[in-house]
Amino acid sequence: MMEKKEIIYNGESVKVFGTGSPDHVLVCFTDNITAFNKIKRAVIADKGKLNAAISTMIFNLLEKGGIKTHFIRQVSATEQLCRRVEDIPIEVIVRNVVAGSMAARLGLEEGLRPSSTIYDLCYKNDDLCDPVINDYHAIALGIVTREELDVIYGMTERINAILLPLFRSVGIDLVDFKIEFGRLPGGEIILADEINPDSARFWDAETGEKYDKDRFRRDMGKVGDAYRTIYGKLVSLCHPDGIPEGYPSAELLSDGWTRNIQDND
Ligand code: 5GP
């Protein structure tokens with residue numbers, strides 16, 4: 001077992017702990033879910049396990065595709081050992097389909113497909129509710145240099161180019177997602193944070209059914225089942241011969257979409 005030391009980041013759905021090694025942290029996924037700057041909150045049974053496994057599979061796919069990430073390995077059902085990075089306080093949002101805040105802000109209908117991918121930057125600041133900024137703000141505020149931003153955009157484009165067809169191959173439209181980056185001690189920029197239905201929108205490519213946190217934000221019910229669906233799709237993609245040890249069980253999956261669970265759905 002990896003040693004869990006001081007808490008470095010005490011988030012709701014993710015907590016990050018020191019490990020005793022200056023180069024490594026332990027990222028722990030919880031069952032907590034929040035929305036609207038933590039005003040709305042609940043506990044979704046098994047979400048921590050599902051998100052840990054989903055993030056692990058996605059980061060493995062990205063590493064295979066040549067993207068350098070903070071992920072080293074999953075060490076328990078809800079914990080990942082990761083490289084310690086200096087956080088860059090920017091959220092990069094990739095939008096393949098118009099939804100959520102972009103639809104609201106610009107008065108557009110959700111589901112509209114822009115002719116090219118849209119990238120937003122948000123300044124990570126809870127007190128300000130993560131405001132949208134642009135390249136000029138990010139550079140003028142001293143958050144990143146122009147050169148670093150070019151690296152971030154290049155990596156983001158490659159990440160989308162890897163994930164979009166992979167999800168499409170299992171019938172899922174990757175509508176949008178949020179990613180964060182960090183600097184290694186030498187200054188190299190790598191992908192940090194997590195990617196799962198808390199931080200991305202996944203729609204059924206045929207029916208448009210939502211399999212992400214919007215089910216919680218919009219009181220649609222079956223929140224846990226949506227996360228189970230994305231987990232099942234990734235297992236079919238990454239582990240066609242069976243579910244690896246330590247991952248949520250097949251029993252959890254087979255209950256799937258029809259299960260009536262007590263998770264504040
Ligand atoms: P929106 O701009 O519609 O709020 O979000 C766009 C995408 O980025 C969605 O997939 C949403 O889940 C994700 N996202 C935006 N802000 C955050 C955030 O602060 N935390 C997480 N986990 N995801 C976010």
Side-chain angles (χ1 to χ4, degrees), residues 9-16 27-42 44 47-48 50-52 54-55 58-59 69-71 80 82 87-114 117-134 138 143 152-153 156-157 159-160 163-164 167 172-182 191-204 208-220 223 226-227 229-230 234:
Y9 170 73
N10 194 7
E12 291 289 338
S13 58
V14 168
K15 298 184 190 298
V16 180
V27 175
C28 307
F29 295 78
T30 79
D31 290 349
N32 300 334
I33 190 166
T34 62
F36 311 121
N37 219 14
K38 299 178 191 163
I39 289 167
K40 184 170 179 173
R41 55 176 65 237
I44 305 292
K47 184 174 83 81
L50 292 163
N51 270 355
I54 290 169
S55 263
I58 291 180
F59 274 63
T69 81
H70 74 157
F71 176 78
Q80 295 175 339
C82 295
D87 289 337
I88 298 174
I90 283 181
E91 295 178 342
V92 183
I93 295 175
V94 180
R95 300 181 189 278
N96 295 307
V97 180
V98 172
S101 76
M102 181 180 172
R105 201 168 57 241
L106 301 183
L108 297 171
E109 211 169 301
E110 284 202 316
L112 201 74
R113 281 174 199 274
T117 310
I118 294 167
Y119 302 93
D120 280 337
L121 297 183
C122 296
Y123 175 39
K124 261 191 86 165
N125 185 316
D126 275 350
D127 294 340
L128 301 176
C129 300
D130 302 340
V132 177
I133 57 172
N134 63 27
I143 301 170
I152 287 172
Y153 279 127
T156 302
E157 203 174 315
I159 290 165
N160 194 39
L163 296 183
L164 199 58
F167 276 103
I172 296 291
D173 214 356
L174 177 59
V175 169
D176 58 27
F177 60 96
K178 183 266 304 178
I179 46 180
E180 296 178 28
F181 295 85
L191 179 66
D193 198 38
E194 26 121 18
I195 302 176
N196 54 49
D198 277 350
S199 60
R201 287 193 171 91
F202 298 107
W203 293 358
D204 188 295
E209 186 79 56
K210 297 182 198 309
Y211 302 123
D212 56 61
K213 192 168 153 181
D214 270 351
R215 300 199 74 87
F216 172 69
R217 295 187 186 101
R218 302 178 187 190
D219 295 323
M220 297 171 77
V223 182
Y227 286 62
T229 298
I230 295 303
L234 280 165

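Atoms within a ligand are numbered from 1 in the order they appear, just like the ligands themselves.
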Lys/Arg-Asp/Glu bridge criterion (N-O < 4.0 Å) met for D212, R201: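 Result for this pair is no, no salt bridge flagged.
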Salt bridge D173-R113, side-chain N to carboxylate O under 4.0 Å: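 Salt bridge present between D173 and R113.
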E157, CD atom: more than 12 neighbouring heavy atoms under 6.0 Å: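 Incorrect, the count does not exceed 12.
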Would you list the atom pairs, donor with acceptor, under 3.5 Å between side chains in residues 92-106 and any protein atom, with sequence neighbours excluded?
{"residue": "R95", "atom": "NE", "partner": "D120", "partner atom": "OD2", "Å": "2.8"}
{"residue": "R95", "atom": "NH2", "partner": "S101", "partner atom": "OG", "Å": "3.3"}
{"residue": "R95", "atom": "NH2", "partner": "D120", "partner atom": "OD2", "Å": "3.2"}
{"residue": "N96", "atom": "OD1", "partner": "N160", "partner atom": "ND2", "Å": "2.9"}
{"residue": "N96", "atom": "ND2", "partner": "N160", "partner atom": "OD1", "Å": "3.0"}
{"residue": "N96", "atom": "ND2", "partner": "L174", "partner atom": "O", "Å": "3.1"}

Determine the minimum heavy-atom distance between A138 and L121, stating which atoms define it.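 Smallest interatomic distance, heavy atoms only, reads CB-CD1, 4.3 Å.
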Can you say whether the rings of F59 and H70 are parallel (under 30°), tilted (30 to 60°) or perpendicular (over 60°)?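 Ring orientation, 0 to 90° scale: tilted.
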Any idea which residues sit under 4.0 Å from ligand 1, heavy-atom distances?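 E91, I93, R95, G100, S101, D130, D176, K178, D198, S199, A200, R201, R217.
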